[in-house]
Amino acid sequence: DYFNRLFYWYNNSKLYHHIGYLLAIQDNNFNVLKNIISNSNVKKDIFQEWVFDQIVESIKNVKLDNLDYEKNKMDLHKVFLLHNIIATDNLNSAQKNVFPFNLYKKIKNEKGWSIEHIHAQQSKEIKELKAIKQWLSDTLKAIENIHEIETESKIFDSDEKEVSVQSVVKIDDALRDEIKKMMNSETINYNDFNDLRIRVTRLFESESVHVLDNLALLAKSDNSALNNSIFPVKRNKIIQMEKEGKYIPLTTRNAFLKYYSEKDIQPFYWSKSDKQNYFTNIQETLKPFITKES
């Protein structure tokens, strides 16, 4: 009887993904599964509704607009996990796709998961010479063919309405030459390097560093390889990781490849519109599960 129930849940896409999420967010899977089984002695539609309600309960206090990297890492993890699971389930109508809970659990049990900044935060400093050289090499490779960036900023017009203003930032050969010269030096002044790193990071910088629209779920081991990198470097590394067969969560991959962007005119910059589109996709995907304020 238990086998038949599990077999049915496994082959029902909604139950597979919904129950899978409930098991994935808890450490004691066996007790969670026992509780799910004990509540399954009802009609199938009633049971499906109960499972759905358990997901709603798990994120009932989550407000997407208020999530912060420093304060809400556990809630962010739940949101990104659920976003990935439901996004995978939504693909199922076109082809047979299932969220790889086995890979998720394997990474969780080995080195764990972390929240990655899509665009680098500036606070972290690099001190080791090997890491400095790697940063310079990765950055030079990423920007060698980038000559300008179209940036976006928000201002208030004469009617006090917020409007978007676009501007073009030039990346000249002098900056590339400076990176190349430092990379080829036998000794590197730590202060000179960090001054250069901050200047490069600011070129690709966009606002709201620690909030939902600039964050994604990634394995800790992969996250450490991306730390301090500007967006085009991270994008290149995500593509390389996938080529090497590493598991990159669906919506993390989609964000770095700018899948949610309406028009990808510059794949090397994480713009305000990119952030808004990404946030909107998370919001729409999770809308059925997020309870409205009373």
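Model, not experiment: these values are computed from the prediction.
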Smallest separation among heavy atoms of A255 and I118, with atom names | CB-CD1, 4.1 Å
Same apolar cluster (I L V M F W Y, side chains within < 4.5 Å links), V42/L22 = yes
Plane angle bin for W135 and F193 - parallel if under 30°, tilted between 30 and 60°, otherwise perpendicular | perpendicular
Is atom CD of Q240 surrounded by more than 12 heavy atoms (other residues, nucleotides or ligands) closer than 6.0 Å?
-> yes
If you look at every heavy atom in P288 and T285, which pair is closest and at what distance?
-> CD-O, 3.5 Å
N39 and N35 side chains, donor-acceptor separation under 3.5 Å | yes
Just wondering, more than 12 heavy atoms not from Y10 lying within 6.0 Å of its OH?
-> no
Look at R5 together with D1 and state whether they make a salt bridge at an N to O cut-off of under 4.0 Å.
-> yes
Centre of Y8's six-membered ring, under 6.0 Å away, within 45 degrees of the axis: is that where NZ or CZ of K44 sits?
-> yes
Given N84 and Y104, is the side chain to side chain contact (heavy atoms under 4.5 Å, CB included) satisfied, shown in steps?
-> CA-CA 11 Å; N84 273 283; Y104 172 82; over 6 Å; no
Presence of salt bridge, E57 and K60, under 4.0 angstrom = yes
Is the F289-F52 ring centre distance short of 6.0 angstrom?
-> yes
Are N97 and T88 linked by a side-chain donor-acceptor pair shorter than 3.5 Å?
-> no
Carboxylate-amine/guanidinium proximity below 4.0 Å for R253 and E242 | yes
Output yes when a side-chain donor or acceptor of R176 lies under 3.5 Å from a complementary backbone atom of I143, and no otherwise.
-> yes
Would you say N72's side chain and D75's backbone share a donor-acceptor pair under 3.5 angstrom?
-> no
For E244, look at atom CD and say whether over 12 heavy atoms of other residues, nucleotides or ligands are found less than 6.0 Å away.
-> yes
Is a side-chain donor or acceptor of N223 paired with a backbone partner of A219 at a separation under 3.5 angstrom?
-> no
Are any side-chain N or O atoms of K258 and backbone N or O atoms of D274, one a donor and one an acceptor, separated by less than 3.5 Å?
-> no
What residue among L82, V79, I290, L76 forms side chain to side chain contact (heavy atoms under 4.5 Å, CB included) with V62?
-> V79
Side-chain donor-acceptor contact under 3.5 Å, Y21 with S58 | yes
Before accepting this row, confirm whether a basic side-chain N of the pair D27/K108 lies closer than 4.0 Å to the acidic partner's carboxylate O.
-> yes
Establish, for the pair K73 and Y69, whether the NZ or CZ atom is under 6.0 angstrom from the six-membered ring centre and no further than 45 degrees off its axis.
-> yes
Kindly say whether F99 contributes a backbone atom to a donor-acceptor pair with the side chain of H17 at under 3.5 angstrom?
-> yes
Does one hydrophobic cluster hold both M74 and I115, with members joined at side-chain heavy-atom distances below 4.5 Å?
-> no
Shared ILVMFWY cluster between F30 and F101, side chains joined below 4.5 angstrom?
-> no
Using a distance-only test with no angle check, is there a side-chain donor-acceptor pair under 3.5 angstrom linking T280 and Q276?
-> yes
Answer yes when E116 and K220 have at least one side-chain N-carboxylate O distance shorter than 4.0 Å, and no when they do not.
-> no
If the plane angle is over 60° it's perpendicular, under 30° parallel, otherwise tilted; pick one for W270 and Y278.
-> perpendicular
Pair N277-S261, side-chain donor/acceptor within less than 3.5 Å = no
Q134 and D138: side chain donor to acceptor below 3.5 Å | yes
What one should report as the nearest heavy-atom pair of F256 and K234 is CE2-CB, 3.6 Å
Looking only at atom types and distance, does a side-chain atom of S229 sit under 3.5 Å from a main-chain N or O of L226, one as donor and one as acceptor?
-> yes
If you measure only the distance, is there a donor-acceptor pair under 3.5 Å linking the side chains of H83 and N281?
-> yes
With a 4.5 Å heavy-atom cut-off, do Y260 and T251 have their side chains touching?
-> yes
